[in-house]
Amino acid sequence: MAQASPWKRKLKNNITGYLFLLPTILVLGTFLFLPVFYSLYLSGHKVNLLGEVSYKWIGADNFVRMSGDERAWIALKNTASFALFVVPLQTAFAIMLAVILNAKLRFKNFFRIVFFMPTVTSSAVLSLIFMWIYNSNGLLNKFLELIGLQGYNWLGDPAVAMKAIMLMNIWSTAPFFMVVFLAALQDIPDALYESAMLDGAGAWRRFFSITLPLLKPATFFTVVMGIIGTFQLFDQSYIFSAGSGGPNNSTLTVALLIYQYAFKNLDFGYASALAVALAAVIMIVTLIQRKLFAEEKLN
Amino acid sequence: MKKKSGLVVLSLMLVAVLMLSACGKSGGNGNSGTGATNNGAGEPTKEPSAEQVTVTLAGWGASPEEQDLLNQTLKEFEAKYPNIKVNYEVIADQYMDVIKTRLIGGEGPDVFYLDAFEAPGLIEHNVLEPLDQYVTPEFDVTDFEKPMLDAFKQEGVTYGFPKDFSTLAMFYNKKDFEEAGIAAPPTTWEELQAAAIKLTKKEGGKTVRFGFGVAPELARQMFMIQAFGGRVADENGNAAYASPEAVKGLQLVTDMHNVDKASGEPKEVGAGWGGEMFGQGKASIVFEGNWAIPFLESNYKDLDYGTAELPTVNGKQGTMAFTVAYVMNKQSKQKEAAWQLISYLTGKEGMKTWTSKGFALPTRKSVSQELGYDKDELRGAIVAGAAYATPWQAGATLPTIMNNFNNQFVDAFMGNSKLEDAMKKAQDVANKEIAAAK
């Protein structure tokens with residue numbers, strides 16, 4: 001009995017553990033893993049769900065189709081250029097805000113609340129507010145006129161429509177990362193700054209030689225999260241273009257394209273394939289970053 | 001050891017509770033569904049043999065006045081058929097996405113609104129109930145305006161009956177016309193062009209009022225494609241709007257914007273749509289439908305405007321017609337009652353109530369005559385267009401065709417690309433997507 005029991009006891013313990021996990025497993029399974037596997041399954045099929053339901057296995061055809069889909073390439077290009085523009089700027093902006101708040105300011109808490117406000121506001125609501133600001137007779141154009149510059153048709157002109165979304169996105173996401181940097185800043189020991197000052201380092205020198213290098217883990221986190229977030233851009237371009245991705249595909253993002261194929265064309269198979277491809281792209285970009293940051297860490 | 005078995009029991013209980021609560025929830029839902037139908041079973045009704053049934057009706061939102069009118073029509077229906085209860089629900093946004101998703105999930109409403117432009121797609125997917133078998137002689141199908149009825153027909157089978165319609169008419173600002181010394185509304189495109197140039201007003205290099213307010217999208221420009229013999233789509237459902245004939249018509253639209261600088265889209269002056277642009281006095285002429293009349297009346301009361309039929313293009317009359325029908329879900333469990341609802345709402349009696357206030361125009365000739373909209377000062381031009389209008393519809397592939405057209409046409413309209421190239425590009429991409437989806 002004593003010999004058989006350790007194995008049995010282990011099993012019993014494990015069962016208890018899994019039972020405790022069961023609610024979480026059920027919830028995650030239903031709402032996370034099941035959809036992930038289902039969309040993997042769908043991506044290899046030609047699917048018709050409306051009317052007569054049919055699944056036809058077509059192998060990698062959906063992925064082959066992607067290479068010839070001009071709008072998919074435009075969407076990827078738009079999304080990538082969006083990330084390339086937004087991520088560095090939002091990171092720099094976040095560091096700047098964090099450094100300002102970390103300085104010994106008056107009314108520090110007041111500024112903290114003001115800076116953080118855009119992040120706690122719903123992005124759908126922000127988009128609607130910004131649509132008013134970007135209106136041809138809106139606040140931004142009036143301001144530009146006031147300082148003698150020419151206004152734009154921000155939402156209707158393909159040349160600037162995406163820029164308008166970029167500006168808004170930087171403004172609304174930077175404060176979240178500001179909080180990350182603020183926490184990291186407070187971890188930097190004052191002694192470092194004091195000794196640097198004794199050595200005669202100026203404010204800039206201290207910022208570039210102490211603050212920035214010590215913020216590297218936070219910066220890595222920010223850049224990774226920023227890239228994932230920007231690659232999944234949907235709501236803002238959806239609201240700005242009323243779902244079309246126009247004018248001239250200039251606000252078309254991959255997530256918006258997936259939505260169009262799934263719900264406008266009811267082509268769930270191809271839409272799932274696009275979603276899988278987007279996940280792969282995000283994963284690859286993140287891995288590359290990890291490699292870059294990790295190598296520098298060794299030095 | 002004892003403690004551990006206690007934990008096992010505890011976690012088992014937790015699981016059981018979770019599962020039970022989940023079951024209880026779905027059970028409750030099932031009960032509430034049948035509860036509604038059982039409610040009136042005990043009450044005596046006019047037809048005691050008839051069972052009490054609930055029919056769900058889904059539509060998109062409209063102005064409060066319109067909503068009241070529909071509710072009134074439904075109340076009259078329920079009074080006439082006491083055994084049928086109508087459960088009316090408004091889908092506020094992205095109507096077709098919601099309807100399609102619900103149809104996929106088997107939770108679709110029994111009866112719902114369907115825009116003519118979406119009809120071929122749903123008919124192709126075989127989710128709509130053919131209605132011919134239900135039609136009785138009293139329903140009088142021939143009374144409907146033929147183009148509106150045909151929009152919901154495929155191969156001779158009728159899938160929906162149009163509840164109302166509107167064509168586009170020319171709305172013009174009488175005060176602006178007087179100031180510019182234009183006596184009568186333009187009747188040809190050349191006259192429209194001349195009038196628009198005269199009516200355009202600039203202040204400090206910035207246009208504050210366009211002569212003509214235009215919507216650069218396929219739904220509003222389809223008749224311009226057809227004016228010189230062009231087509232939106234061919235027999236195979238492929239896009240065909242890059243033909244020289246089609247481009248010729250569209251060129252007139254883009255030239256007025258880029259060469260004459262006498263037309264603009266609502267966004268350029270910060271308006272949301274043509275009616276608003278017109279109401280704010282930022283355009284002297286717009287092509288809009290019946291929906292603009294109640295809007296202008298409630299938002300811009302003092303505006304002095306008139307309507308006229310659209311100017312002729314290439315010597316031919318043309319306009320767009322938009323229509324919406326009531327259709328029945330093929331999976332409906334209350335088909336008889338659902339038909340009763342459709343036949344009442346699109347019948348002479350129901351349609352008269354629904355269109356009595358002029359928010360919508362009747363698709364039945366008899367109702368139209370009775371209410372006298374053909375002689376109405378503002379609505380006469382809209383009714384007259386029905387005779388030669390192009391219904392907004394072009395096969396099941398229209399969503400793809402439209403998306404690519406709108407994307408490229410705006411670009412050409414803004415002067416960023418040449419119209420021929422833009423249309424060629426839109427057509428090629430659309431046809432590639434259509435081929436890939438097959």
Side-chain angles (χ1 to χ4, degrees), chain A residues 9 12-13 15-23 26-27 46 48-53 61-62 64-66 68-71 74 131-132 134-138 141 145 150-151 153-159 241 243-250 252 259-268 270, chain B residues 1 4-5 7-8 10-12 14-15 18-19 22 94 96-98 100-101 103-105 121-122 124-128 205-206 216-217 264-272 282 330 397 399-400 402-404 406-414 416-417 422 425 428-429 432-433 435-437:
Chain A
R9 194 182 295 169
K12 212 171 199 173
N13 280 350
I15 287 178
T16 318
Y18 282 121
L19 278 175
F20 268 113
L21 283 177
L22 198 62
L26 276 180
V27 170
K46 185 165 176 52
N48 182 28
L49 293 177
L50 186 62
E52 277 129 50
V53 179
D61 277 12
N62 278 333
V64 176
R65 178 177 164 189
M66 235 175 270
D69 186 345
E70 259 171 68
R71 274 161 51 83
I74 293 172
M131 277 177 84
W132 283 105
Y134 286 141
N135 186 311
S136 319
N137 289 330
N141 275 357
E145 262 167 47
Q150 199 206 343
N153 178 4
W154 287 98
L155 303 174
D157 191 343
S241 69
S244 76
N248 192 18
N249 292 325
S250 61
L252 187 71
Y259 163 81
Q260 286 183 353
Y261 273 114
F263 295 100
K264 299 280 173 219
N265 300 10
L266 292 178
D267 201 341
F268 289 94
Y270 186 52
Chain B
M1 192 72 183
K4 276 196 179 125
S5 62
L7 277 179
V8 173
L10 193 77
S11 47
L12 269 174
L14 193 71
V15 171
L18 276 172
M19 283 174 125
Q94 295 304 323
M96 277 319 287
D97 296 353
V98 175
K100 283 176 189 166
T101 314
L103 285 172
I104 289 170
L122 283 197
E124 195 176 73
H125 276 104
N126 200 18
V127 290
L128 301 182
K206 207 181 152 202
E217 53 191 62
E265 64 165 329
K267 267 185 197 162
E268 288 177 79
V269 289
K282 287 170 181 165
K330 199 167 197 172
T397 51
T400 308
M402 174 183 75
N403 203 351
N404 283 295
N406 288 352
N407 244 319
Q408 293 301 326
F409 187 63
V410 173
D411 209 38
F413 182 80
M414 298 301 294
N416 296 331
S417 55
K425 198 169 149 200
D428 290 347
V429 175
K432 232 194 232 168
E433 281 177 23

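Below, read A as the first sequence line, B as the second, and so on, with proteins coming before strands; counting in each chain starts at 1.
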Heavy-atom closest contact ([X] atom, [Y] atom, distance):
{"X": "A:L50", "Y": "B:K100", "result": "CD1-O, 4.0 Å"}
{"X": "A:G68", "Y": "B:K432", "result": "O-CD, 3.7 Å"}
{"X": "A:K46", "Y": "B:A437", "result": "NZ-O, 2.9 Å"}

Between [options], which shows the greatest number of heavy-atom pairs under 4.5 Å with chain A?
{"options": "B:D411, B:V410, B:N406", "result": "B:D411"}
{"options": "B:V269, B:L103, B:D428, B:N404", "result": "B:V269"}
{"options": "B:K267, B:K206, B:M414", "result": "B:K267"}

Given that the side chain runs from C-beta out, which part of [X] has a heavy atom under 4.5 Å from chain B: side chain, backbone, both or neither?
{"X": "A:E52", "result": "both"}
{"X": "A:Y261", "result": "side chain"}
{"X": "A:Y18", "result": "neither"}
{"X": "A:E145", "result": "side chain"}
{"X": "A:N135", "result": "side chain"}
{"X": "A:F263", "result": "both"}
{"X": "A:D267", "result": "side chain"}
{"X": "A:L252", "result": "neither"}
{"X": "A:N48", "result": "side chain"}

For this session: For the residue pair A:K264 and B:Q94, confirm or rule out a side-chain donor-acceptor distance under 3.5 Å.
Result: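 The answer is yes; a qualifying pair exists.
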
Exercise. What part of B:T101 gets closer than 4.5 Å to chain A, counting heavy atoms only: side chain, backbone, both or neither?
Worked result: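 The side chain, not the backbone.
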
Problem set entry | Heavy-atom contact with chain A under 4.5 Å, split by part of B:L128 |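 Neither part.
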
Exercise. Does A:N249 offer a backbone N or O that forms a donor-acceptor pair with the side chain of B:N407 under 3.5 Å?
Worked result: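 Indeed, once roles are kept as given, a pair shorter than 3.5 Å links the two residues.
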
For this session: Count the heavy-atom pairs under 4.5 Å between each of A:N248, A:N265, A:L49 and chain B, then report the option with the highest count.
Result: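 Of the options given, most contacts go to A:N248.
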
For this session: For A:V53 and B:I104, run side-chain contact (heavy atoms from CB on, under 4.5 Å): C-alpha distance rounded to whole Å, both residues' side-chain angles, the deciding distance at 0.1 Å, then the answer.
Result: CA-CA 9 Å; A:V53 179; B:I104 289 170; over 6 Å; no

Problem set entry | For B:E433, side chain to side chain donor-acceptor pair (under 3.5 Å) partners two or more places apart |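 With neighbours one apart ignored, the set is A:R71.
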
